[in-house]
Amino acid sequence: MLRFLALALALGPSIALAYNAPAGQPPAAPAPITGVVADPSGAIVPNAQIDLVETDGALAGSYHSGGDGTFQVVAPHPGSFTLIISEPGFDTVKTPVVVAAASAAISAAAPAKLHAVPIKIVLPIAALSTNVRVNADSDDDLTSGEENHDANVMTAGDIKQLPIFDNDLQGAMSAFLDDSATASGGSGLIVDGVEANRNTVSASAVQEIRINQDPYSAQYYWPGRGQMEIVTKSSADNYHGQFNFLFRDSALNAQNALAPTKPSEQRRVYEGHLTGPIFHAPKSSFLASFNRAEEDVDAVVRAFLPPNSDNPSGGYSANVPAPTRDTEFSARAAHQFSDRHSAYAQYSYEEWTGNNQGVGGQALASTGYNNRYHEDDLVFHVDSTLTATMLNQLSIVGEHAFSKNVNAAEAPRISVQGYFTSGSAQNNTLSTDYNFRLFDIVSLTRGRHFIKAGIGIPHFNRRAFNDNSNVLGTYTFSPILAADGVTVLTSALENYQNNRPSAYSQNSGQVHFIYHQQEMGAFLQDQIKVSTRFSITPGLRYDWQNFFATKLLGFSPRVSFAYVLDQASKTVLRGGGGIYYDRTGSGPLLDLARYEGLQPRRHSAVVALDPTAQPPAGCVPIGNCVDVASVPLQRVQLQPHARIPYEMHYGLSIERQLGEKATANISVYSMRQIGTFRSLDINAPTPQSGYTVRPDPAYGRIREMQPQGFMQGSGMDASYRGRLNKWFTGWGRYTWAHYASNSDGLGWYPQNQYDPNNNWSDASFDRRQRVGMYAMFHPDSVFNLAAGIWANSGRPWTIITGTDPYGDSLYNARPDGVARNSERLPSYTSLDLRWGHDFALTGSKEDESPHVGFSAAAFNVLNHDNPGSVNTVATSSGFGEVTSVAPPRRLQLGMRLEF
């Protein structure tokens with residue numbers, strides 16, 4: 001998240017404050033001490049702990065820096081004090097201050113000055129303490145939007161203690177994202193205030209991860225519950241580092257519920273970072289991080305093959321090696337040019353490879369493909385203090401990425417509805433992306449107003465795609481039903497055995513495509529401090545995408561407020577709402593580039609138009625029965641005059657302090673999406689023809705992307721975060737929510753193209769109840785234990801017949817009277833545990849001294865099967881059987897060296 005400071009003038013080591021009361025009036029309270037907290041690169045540090053300490057060591061007050069790094073401390077009386085500023089990941093800084101009866105803040109070195117001079121505190125990077133910090137014990141501005149306690153926050157200290165699988169921080173936090181608040185292109189990821197494809201530093205170089213920090217801010221494209229913000233550590237003036245090694249092996253795992261034997265697995269993760277000053281470069285520092293992950297793992301196949309004497313049931317299970325390798329590193333150089341200007345440049349690299357991807361469930365080993373992904377990122381970031389109350393922060397990012405898929409086997413693809421998929425992946429592709437991003441934001445403090453305004457270009461890119469997918473074709477085998485639509489005359493498996501495909505598709509023609517994805521946005525927001533107990537934050541955002549360039553898009557007003565109901569218990573009522581526009585990602589642009597209009601790329605389909613007719617035998621290869629070259633082209637288009645879908649999100653929350661260091665929160669929220677995306681075959685065979693004749697015989701399927709659906713839902717959260725006592729620290733959330741829609745997204749088709757709205761049911765992501773919690777017991781003891789608890793209701797799924805009664809070759813028809821998403825997967829439950837302890841390598845036990853740590857973690861301790869998918873085809877002999885499960889209990893060993 002972009003963080004801005006309002007005041008940035010340097011000051012000496014001691015401050016004097018004074019107030020001269022007018023004659024005849026009693027002395028007023030001492031003037032507040034104001035300032036800003038920043039890191040060595042000049043970036044502000046929000047939520048830093050600020051303690052005001054008397055000369056005798058007594059605590060006179062506790063505060064925190066705000067979301068923009070600024071703070072205001074009020075002394076209880078004139079006299080000498082010490083400001084102690086601390087933040088996990090930084091050295092603690094102590095600054096003496098003197099408060100006297102005078103009206104202006106004056107430097108002790110220049111007491112004749114009569115104007116206020118704010119303090120700029122620079123926190124050097126340090127080894128991190130393991131204490132979890134919460135804001136409940138501070139005297140912060142409780143009305144600030146960024147003080148929202150409905151947020152989920154994982155600090156660097158948490159990362160070292162919690163059971164996090166493979167150090168995958170984004171995966172660990174993604175359980176707290178709300179699917180209803182994401183876009184068609186997925187959830188949002190913000191790294192150091194800039195939209196990003198991935199986290200560009202290793203896990204140990206992350207300072208903080210948060211979700212829903214400012215729920216209705218106009219600064220961001222997504223609602224707070226639909227985006228993840230990552231703040232990375234800054235370069236430091238002293239040398240510090242961390243090295244982590246994680247290890248797993250199948251010898252320590254439980255048995256997978258569907259595998260014939262225990263799947264092979266070994267995982268090795270080498271990860272760390274180093275930071276410090278750059279030699280012979282004053283006011284310059286660096287941060288370098290690396291991650292190398294090597295995994296040798298088996299994918300588990302659970303399919304249903306033709307029965308034989310050795311396997312009368314036809315049930316088939318297999319373990320298929322699917323190894324992956326991931327190499328990442330980054331290097332950052334930062335420089336403080338002056339008190340007003342600082343900057344850094346960072347280069348990041350990733351190389352990922354994986355074999356036999358796409359295998360598992362009903363997909364046999366032959367359907368695998370090998371993938372290589374490469375990405376380079378170059379970031380330039382500049383902070384400039386324009387005035388004492390204005391800051392500009394500029395980020396420029398250049399990205400290059402490519403992804404190459406190669407089939408593990410070269411053959412036509414075979415899909416037998418409800419039984420198995422084999423033959424080949426038919427997924428030979430190469431995509432290349434050159435992207436430019438720019439974000440510039442100005443922050444201004446003016447009286448009661450804290451104003452932010454900015455522009456952003458998240459995508460200005462050129463994409464190239466080489467498409468050699470499905471060049472050998474795909475055969476689909478489906479069952480044949482009697483006129484009653486229930487009785488199976490011939491099963492899909494029997495048609496496969498007799499070479500009677502129900503459909504065939506093949507790509508041909510042009511293979512190289514160039515297309516562009518361009519997006520931009522701008523916003524203006526003002527946080528107005530109406531009173532000490534009430535603030536309101538209106539904002540307006542504008543967004544544009546070239547995908548919908550024919551329309552004026554994206555004016556989205558938003559507003560939030562906070563009202564302090566009770567200052568003593570820090571009970572705060574918050575609320576807000578706003579408009580949010582959808583984002584499609586690059587997929588639709590590629591489809592339009594390949595198939596819109598009369599593009600040379602062909603996608604041919606051959607189907608048995610009479611759903612009750614027995615397809616002819618011997619149609620493998622397809623040339624025995626059909627001249628594929630004569631089959632009409634298919635097309636893809638955007639609905640004329642289409643408008644981007646938009647959502648309305650709104651909600652209320654109330655938070656209250658519990659004890660001294662914890663808070664509880666209850667929130668309710670709702671959303672409505674107008675114009676949910678779907679796809680429709682506007683050239684589907686007509687009902688009048690018995691679904692056998694297309695309106696325009698010159699074309700096959702004409703896919704039209706339409707924003708014509710609707711979605712709505714509501715939810716309620718109850719959450720806790722903080723330190724209950726010296727034995728327990730943690731944060732967690734219980735959610736009840738329900739969402740319904742008549743579409744499942746951009747790639748989804750209704751079963752009947754002539755009745756697209758008759759699909760109202762639960763949304764595909766609807767999970768009625770969810771629990772997610774991280775907890776630490778005895779965190780400061782050698783007997784510490786950390787736990788992660790995850791449970792949720794199962795997601796819905798749809799029963800299909802595996803047939804094509806509508807003649808559109810989509811094979812998504814449901815039995816008569818069966819609604820979409822009418823069934824539910826079993827619930828998901830997982831308990832994760834971790835023990836770890838750091839041992840000092842020297843006589844000093846300070847956090848900054850060298851330590852070595854050892855840990856052991858167990859994931860899915862109770863070894864629940866946690867089914868992930870089932871056979872949805874009602875005509876299959878394996879209907880309703882589980883085809884994939886989550887991993888069983890696994891143990892992970894770790895070692896850490898920190899200095």
Would you name the heavy atoms of [X] and [Y] that are closest together and state the gap between them?
X: Tyr774; Y: Gly788; value: CD2-CA, 3.9 Å
X: Val45; Y: Ser65; value: O-OG, 2.8 Å
X: Gln170; Y: Met228; value: O-CE, 3.5 Å
X: Val74; Y: Leu52; value: O-CD2, 4.2 Å
X: Val201; Y: Ser289; value: CA-OG, 3.6 Å
X: Tyr720; Y: Arg723; value: OH-C, 3.8 Å

Please check this pair: side chain of [X] against backbone of [Y], looking for a donor-acceptor N/O pair closer than 3.5 Å.
X: Glu229; Y: Ile190; value: no
X: Arg834; Y: Ile164; value: no
X: Arg656; Y: Ala664; value: no
X: Tyr63; Y: Phe71; value: no
X: Thr34; Y: Gln72; value: no
X: Ser443; Y: Phe450; value: no
X: Arg340; Y: Thr385; value: yes

Inset, instruction - Can you sort out the partners of Phe337 under ring pair (Phe, Tyr, Trp, His ring centres under 6.0 Å), two or more places apart, ordered by chain and number? - result: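 Only His335 meet the ring pair (Phe, Tyr, Trp, His ring centres under 6.0 Å) criterion with Phe337.
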Legend entry - For Phe728, all residues meeting ring pair (Phe, Tyr, Trp, His ring centres under 6.0 Å), sequence neighbours excluded: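 For Phe728, the residues satisfying ring pair (Phe, Tyr, Trp, His ring centres under 6.0 Å) (neighbours in sequence not counted) are Phe777.
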Inset, instruction - Report the C-alpha distance between His449 and Gln527 in whole Å, list the side-chain angles of each, state the deciding distance to 0.1 Å, and finish with yes or no for side-chain hydrogen bond (donor to acceptor under 3.5 Å, both in side chains). - result: CA-CA 6 Å; His449 301 268; Gln527 180 176 311; over 6 Å; no
Do [X] and [Y] make a side-chain contact, defined as non-hydrogen atoms from C-beta onward lying under 4.5 Å apart?
X: Glu208; Y: Met154; answer: no
X: Leu386; Y: Ser384; answer: yes
X: Gln227; Y: Ile211; answer: no
X: Asn392; Y: Val382; answer: no
X: Leu83; Y: Val73; answer: yes
X: Asn152; Y: Arg210; answer: no
X: Leu162; Y: Met776; answer: yes
X: Thr200; Y: Ser330; answer: no

I'd like to know if the side chain of [X] pairs up with that of [Y] as donor and acceptor (distance under 3.5 Å, no hydrogens or angles considered).
X: Arg332; Y: Thr232; answer: yes
X: Asp566; Y: Ser569; answer: yes
X: Glu271; Y: Ser202; answer: yes
X: Ser348; Y: Gln346; answer: yes

Legend entry - side-chain hydrogen bond (donor to acceptor under 3.5 Å, both in side chains) assessment of Ser217 paired with Gln525: CA-CA 8 Å; Ser217 172; Gln525 177 175 289; 3.2 Å; yes
Inset, instruction - Verify whether the ring centers belonging to Phe176 and Trp731 lie closer than 6.0 Å. - result: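 Yes, the ring of Phe176 comes within the 6.0 Å limit of the ring of Trp731, centre to centre.
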Inset, instruction - State yes or no: are the ring centers of Tyr344 and His381 separated by less than 6.0 Å? - result: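 Yes, they do, as the ring centres are separated by less than 6.0 Å.
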Separation of [Y] [atom2] from [X] [atom1] (nearest 0.5 Å):
X: Lys529; Y: Thr445; atom1: NZ; atom2: OG1; value: 13.0 Å
X: Met773; Y: Ser719; atom1: CE; atom2: OG; value: 11.0 Å
X: Phe81; Y: Ile33; atom1: CZ; atom2: CD1; value: 7.5 Å
X: Tyr563; Y: Ile536; atom1: OH; atom2: CD1; value: 14.0 Å
X: Ser235; Y: His240; atom1: OG; atom2: NE2; value: 12.0 Å
X: Gln161; Y: Thr729; atom1: CD; atom2: OG1; value: 8.5 Å

Inset, instruction - Determine, stepwise, if the pair Asn784 / Ser781 fulfils side-chain hydrogen bond (donor to acceptor under 3.5 Å, both in side chains). - result: CA-CA 5 Å; Asn784 70 87; Ser781 166; over 6 Å; no
Inset, instruction - Please identify each residue that fulfils side-chain hydrogen bond (donor to acceptor under 3.5 Å, both in side chains) with Asp150, with sequence neighbours left out. - result: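 Asp150: side-chain hydrogen bond (donor to acceptor under 3.5 Å, both in side chains) contacts with Asn212, Ser667, Arg733.
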Inset, instruction - Using a strict 4.0 Å threshold on nitrogen-to-oxygen distance, state whether Asp51 and Lys94 make a salt bridge. - result: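 Looking at Asp51 and Lys94, the cut-off is not met.
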Legend entry - Worked verdict on Arg448 versus Asp526 for salt bridge (Lys or Arg N to Asp or Glu O under 4.0 Å): CA-CA 10 Å; Arg448 296 174 179 268; Asp526 184 9; over 6 Å; no
Inset, instruction - Under the side chain to side chain contact (heavy atoms under 4.5 Å, CB included) rule, what do Leu658 and Leu724 come out as? Steps first, then yes or no, please. - result: CA-CA 8 Å; Leu658 299 179; Leu724 182 64; 6.0 Å; no
Inset, instruction - Applying side chain to side chain contact (heavy atoms under 4.5 Å, CB included), run through Ile84 and Ile50 and close with a yes or a no. - result: CA-CA 6 Å; Ile84 301 178; Ile50 302 171; over 6 Å; no
Legend entry - Arg896, Gln242, Lys233, His273 screened by side chain to side chain donor-acceptor pair (under 3.5 Å) with Ser204, the one that passes: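 The passing option is His273.
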Inset, instruction - Could you give me the CA-CA distance, side-chain angles and deciding distance for Asp192 and Ile230, then say whether side chain to side chain contact (heavy atoms under 4.5 Å, CB included) is met? - result: CA-CA 6 Å; Asp192 291 332; Ile230 296 178; over 6 Å; no
Inset, instruction - For side chain to side chain contact (heavy atoms under 4.5 Å, CB included), just list the numbers for Phe286 and Leu274, CA-CA rounded to whole Å, side-chain angles, deciding distance to a tenth of an Å, and then say yes or no. - result: CA-CA 8 Å; Phe286 74 92; Leu274 178 67; 4.0 Å; yes
